[in-house]
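Reading through the structure tokens given below for one structure.
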Amino acid sequence: MAHKRPLDDFSSAQTTRIAKKSKFITEGKLDPKNASQVTNLVAEEVDFPRGGGTSFTPLEVKAIRAEAVKEANELFEDVQPAKPAKKRKRKQQSQASGAGQGLDKSNNIRIEHLNYKRMHVGMKILGQIMSVQPLGLVVSLPNQLFGHVPITNISSQLTTLLENEDKSDEDPVSEDEDEEKSASHAPDLFQIFEEGQFIRCVVSAVHAPGSTDTSGFGTSRDVVIRNSRRVELTLAPAQVNAGVQKSDLRQGFTITAAVQSIEDHGYILDFGVAGVSGFLSFKDTKLGSPVIQKKKIYIGQLVDAVVTNMSSNGRTCNVIVDPSVFSSSSLSEVTNASSVLPGMLVQTLITAVHPTGLNLQVLGFFGGTVDQIHLFQGVPEKRYAVGEKIKGRVLYDFASTPPNFAIALTEHILALDPQRIPGSGELISTIGAKGAYPIGTIIEAVKVQRLEPERGLIVEVKPGLDGFVHISHTSDEHVPTLSASGSWKPGSIHRARVTGYFSLDGLLQLSLKPSVLEQKYLQVGDVEVGQIIRGTIKKLTEAGLFITLSGSVDGVVWPNHYADIILKQPSKRFKAGAGIKCRVLVVDTDRKRISLTAKKTLLDSTLPILSSFDDAKVGQVTHSVVFKIYEKHLMVEFYNNLKALVPMKEISEIPLNKPSDSFPIGRVVKVRIIAIEKDQKRLVASIRQATSSFKPAVMDISGVEIGNIVEGSVAEIHKDNAVLTLQPTQIRALLSLKNLANHRSLSLAQLRVTLKAGDILDQLIVVTRNTEQGFVIVANKPKGKETLLSKGPLSMGSITVGQIVGGRVTRHTRQGALVKIATHIGGILHSTDISDDFDTGGSFPPIDSILKAVVIGVDQSKKQLTLSTRGSKMYPGRVTSVVDREIDDLNDFQAGETVRGFVKSVADHGLFVTVGRNIDARVQIRELFDDFIKDWKPRFVTNQLVKGRILSVDLETKKVEMSLRKNPSRIESSSALSFADIQIGQKVAGTVKKVENYGLFIQIDGSKLSGLCHKSQLSDNEDADTAVALHGFREGDRVKAIILGIEKRKISLSLKPSHFGKEDFEVDDDSEEPELELGLGLSADVVGASQADSDIEDEDVMQIDEAAHHYQPPHTPQGPISSQTAPTPSLQLSGGFQWTSYEPEPTEGVDSASSSEESDPESQPSKKKKRKRKEIEHDLTADMQTKTPESNADFERILLGSPNSSYLWVQYMSFHLQLSEIEKARDIARRAIRTINFREEQERLNVWIALLNMECIYGTEETLGSVFKEAAQANDSKTIHLRLASILDQAEKLQEAEEQYKRTCKKFGQSSKVWILFGEYYLRKGDIENARKLLPRSLQSLDKRKHLKTISRFAQLEYKHGEPERGKTVFEGIIDSHPKRWDLWSVYMDMEAGQGNIQSLRNLFDRVLAIKMTSHKAKSFFKKWLELERRLGDEDGANVVKQKAIEWTQKANAS
């Protein structure tokens, strides 16, 4: 028998609700933090109303009846026969498990996207501000739509203020009314709104596509702003809150209100609800919005409020303004559908799950839908289940009966927080912003997640961040519909470009169209001021010439910029569709406008581009355009609307009666900046001083001091003196001819005959400065006893130490100045070898200066000399005072000594100072100043002279610590304990450095040695609990220990009390704790003082450009390290070999983990961002993701987030190598190869190369061969073969490297690159004969099309590493057989230019220009010739080139 549902069930449920409501009423004011639900309260409910009525609302009665009908249907289904019951059972199972089946199929609502056609006036919708414009807001709406809010549609109060301002502009305001008027001033929109803010809107107008509506905005070229004009919105509370009844304003109800007035105790708010106003107390004001938080609340401003209670008179509603309470407050019951506002958080029940979204029951009575875009994550069928209760936020309401709502479940909409980039936390950029994905960014790989055949694609940009590709942006061709089996099927990978943002939906707007991907400029901001660009003429109007630059990016040329002169008929010159070359004059991102110039003078100008006030420098010469003419001055304009004033006296050398005749508006003039007035942001320029003939009356000679050694060229020769022009300062100097004659041991008459204008005189010393007249007097430096050079040609075999040589400075490096002595001989002059007194010697001699120096070292293998210009070295017989002595070795100084040196580099952790040849000292930040200086970096520059005291000298690690403080914090003795100073049985004092489960690591005092005390050596009692004893120790504890053993540089210690007596503890233990220097030679049990050279030192090895010099940088080869006598060496990232196939940029870093333990820069192979020292009570939780990994757990945690980063995997390998755990490092490498995605070929290749490097140093031939075979199978075989040869070469395993090159050539003989690299290897090793034999062998194996390329490369190698004459012969053969290969002519000329033979170059240019060629190609050759003449030749040669160019042009035109 069926059981009827008793009526008491309804009564009991109703009674329970009434009891809950009564309890809610007695609780009074709602706590804002707990205001999460709103209940439907009535003043009084009666169980049995008169007349048989009911207290239920019509909607509740309808729901009760529907439930009763459902139960009755189920009751009758239970008594059906067995067979139908089985069918019903199967049907119920399918309903429970199948997607798309709801609780009530008849009530399912079709899931639709919002579009412009479905919008209607009066529709309430949630939006997010994308851009705040001066006259309105650009709003992002659901489903990739946009709208705009004119400034007059925000609130009636703001509109009234704007109208009053218009009236006040017309009527004069008295002083008494001024203060009152200012209080009611209308705020700017950026003061009351912010980008990313969520707002409730009402559609006030929908315009047809293509129609123009400029209300609230001016004309704009921005695509988003143009699209937003189609929908006009209003934010006025009277329209947003339309339908909200006074009875709805209960505790926890969220509402948008406008500030109506400001009273003594708070703000009066306008809800737009009849019969009630809001009140916001000052003490209840809690503004969380960043924009509002910094500024006051204005009249007319909109605030998001939460109702706390209604006053007793029912006319005033008290509210609070708290973003956290507003975003968390939710509705559970309402009186009618009009009370549900967009943006409200509501309780929903899932009634059906579809592949395209969800059907919901909202608040128990209304229908609702969620489309896929607004789901939280994942596929709906897998994440959501029918019958599940969830909270969602209302997006908009459908115009339907019964009422239906669109709901959003995405995380950022639920939290009312703008969408952020996963991982970085950056906001998705709004219009014009520069964020993580600025407009124009090309994303190499996006993955199609799903497609909507009629709308577009949803793609994954990165985990947690999606993008939308409209169907019109999938291809350049018309695509009527998208198919799941076509080119854009789910899972396919495509290249995309960011074209915009849908901030409300949290999506990037992308395009897959090839034309968009190839488009150079996507928006106005992509174009740079001063850039020369080519465009297509769009149209010519009276206002200007409009040019299409790229896609939708256009520019305009104003009439005064058509040409250098005024064009009377510009239509004859500019035709629509023709190409044109212009230079960018102004880029106005706010107005989306680009101004261009077609003036030939500006197009051909090579002078600096001046586009901002900060870039201007006094003395700078550049081009400008006359902008305006005044009575007493001119205004000239540079780029980007930057202007300068030209006084009348600076216009011309001669007075001008009418400047407008000589300098009309639009004339291009060359000006020199003569003054910068920063207070007024004004530039003063001069046209007169910009001419080439202008010479200042008095020259600034502040760059030259008395005693400086200078050089100069002879400008004029007079009776008793010669006028010189000093280089490179261009200061005039006088030199007595008698002084010069005595210096050269000539008579005055002989000197007059030999001395010519233009001669270079060096070794001149400044003896007098005349600042008033702007010149100096110089004299020749006195001669010393020099070792004369032999008259024959210089060679490495004939040069000896102590010989004086002459050369030309070619380049400055971090190690010193490079000096070219002869064709194949170069030298290096270190900064500390320049002078005996660093104050007068300067840092480096100028480039291209000629100098004499004494040879103090000869490296035959590198063909390189070590030079010195110290007086004590060049003239040893002469008594001179040496202020800064020469330091050749670490033994030359000791701790506590004061020395001077030059700043080599400025790092984040301090300075590196060069104190001697190849000797650098480190100065940590704490040793820079006696006082705390926060911003210390600007106080030091490279090559700056500094003075300091040596703190410590470590002979084993070759490290020097230095202090610039007057009172250094510590000075360590250079005689620190080493392994040779300790022995078994010795008792030492130390500090607990680390506590592990297996024992203690103890730092021995007075040394950089540490050892391990195993837990079994803590107590004499064998039965004692060693774990408890270990926990009794803390890092930093002072202990006494005895040395039990020393094996393989590992120290075993013991703390057993039986080893010590009372006398052992009478020693003072209060000595200062020494600092620990950790190096790359770290092992699990001991840290030795012997370490490999630091990364900083490796990076500082001089790199000489082999294309310009033919000698090698200095290099000190290191012998092999015996495994019995030295700890296992650890890998270095910046020295020795390369970890990966690319060359990482050298970085410097320091990792200071505590006050008693710090790690040198070399302790991390490739450093990330530096971290400050740990401070007392400092919470490092926020630094967990950025600090340098220090343990296995750190690496594992970081690798979870970046499993495809070869950089992290290689760091992890190096970490284990520092602990001498070679096998673990191998396991890490294997694990990395298995983990990294197979698509990341470069990352996998990096790990393979790191593994090959490791096996080359630590492994055997068998392990190296095995890894090599695997790497060749898993990667490009040729790449691996060449990389292994390079690794063996860098490891100085020359025999193995040569064999590997031979195997590679045999296997890949058809590759030109293999033969060229093999030849370069032979030439670098000096085996010229074998290198030359490779060329005919390679030509037998290579295809004929590769012969010319290979021969050319071998010829270039001859120039660089072999004999240039042979390279020249090869090139002659090439150009004879291929005379019109212009590229080979250019390479030949570049090689000859490297030899500095200008006459040979002139012959080459004469030969090539005699061949018939196009004018474009001839122009490039003449330009190249002219540049080389200016660099290597003289002015006469340059004039000849110009004349020949004119003759060639005339001849070409005549023919």
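Here, residue 1 is the first one in the sequence, and each next residue gets the next number.
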Can you tell me if [X] has over 12 outside heavy atoms packed within less than 6.0 Å of its [atom1]?
| X | atom1 | value |
| --- | --- | --- |
| Ile566 | CD1 | no |
| Glu528 | CD | no |
| Ile565 | CD1 | no |
| His1416 | NE2 | no |
| Lys937 | NZ | yes |
| Gln531 | CD | yes |

State, with a plain yes or no, whether a side-chain heavy atom of [X] is found less than 4.5 Å away from one of [Y].
| X | Y | value |
| --- | --- | --- |
| Phe638 | Thr622 | yes |
| Gln133 | Leu189 | no |
| Phe613 | Arg682 | no |
| Leu761 | Val714 | yes |
| Leu634 | Ile651 | yes |
| Ser1415 | Trp1448 | yes |
| Phe1405 | Lys1444 | no |

Please confirm whether the backbone N or O of [Y] pairs with a side-chain atom of [X], one donor and one acceptor, at under 3.5 Å?
| X | Y | answer |
| --- | --- | --- |
| Lys599 | Ala563 | yes |
| Glu716 | Ala722 | no |
| Ser686 | Gln689 | yes |
| Arg583 | Gly530 | yes |
| His561 | Ser595 | no |
| Arg497 | Thr441 | no |
| Gln1450 | Glu1447 | no |
| Ser605 | Thr601 | no |
| Asp759 | Leu755 | no |
| Glu650 | Pro647 | no |

Salt bridge or not between [X] and [Y]? Use side-chain N to carboxylate O under 4.0 Å.
| X | Y | result |
| --- | --- | --- |
| Asp1390 | Lys1424 | yes |
| Glu1429 | Arg1402 | yes |
| Asp564 | Arg667 | no |
| Asp604 | Lys600 | yes |

Handout entry: Identified side chain to side chain contact (heavy atoms under 4.5 Å, CB included) partner of Ile594 from the options Val584, Asp588, Val556
Key = Val584
[X] side, atom [atom1]; [Y] side, atom [atom2] - distance, nearest 0.5 Å:
| X | Y | atom1 | atom2 | answer |
| --- | --- | --- | --- | --- |
| Leu610 | Lys617 | CG | NZ | 10.5 Å |
| Asp720 | Ser736 | CG | OG | 7.5 Å |
| Leu735 | Ile717 | CG | CD1 | 10.5 Å |
| Leu683 | Gln620 | CG | CD | 9.5 Å |

Practice task
Report yes if the distance between the aromatic ring centroids of Phe574 and Tyr562 is under 6.0 Å, otherwise no.
Solution key: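 Judged by ring-centre distance (under 6.0 Å), Phe574 and Tyr562 do meet the cut-off.
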Problem - Which residues share a salt bridge (Lys or Arg N to Asp or Glu O under 4.0 Å) with Asp935, sequence neighbours left out - result: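 Once residues adjacent in sequence are excluded, Asp935 has no partner under the salt bridge (Lys or Arg N to Asp or Glu O under 4.0 Å) criterion.
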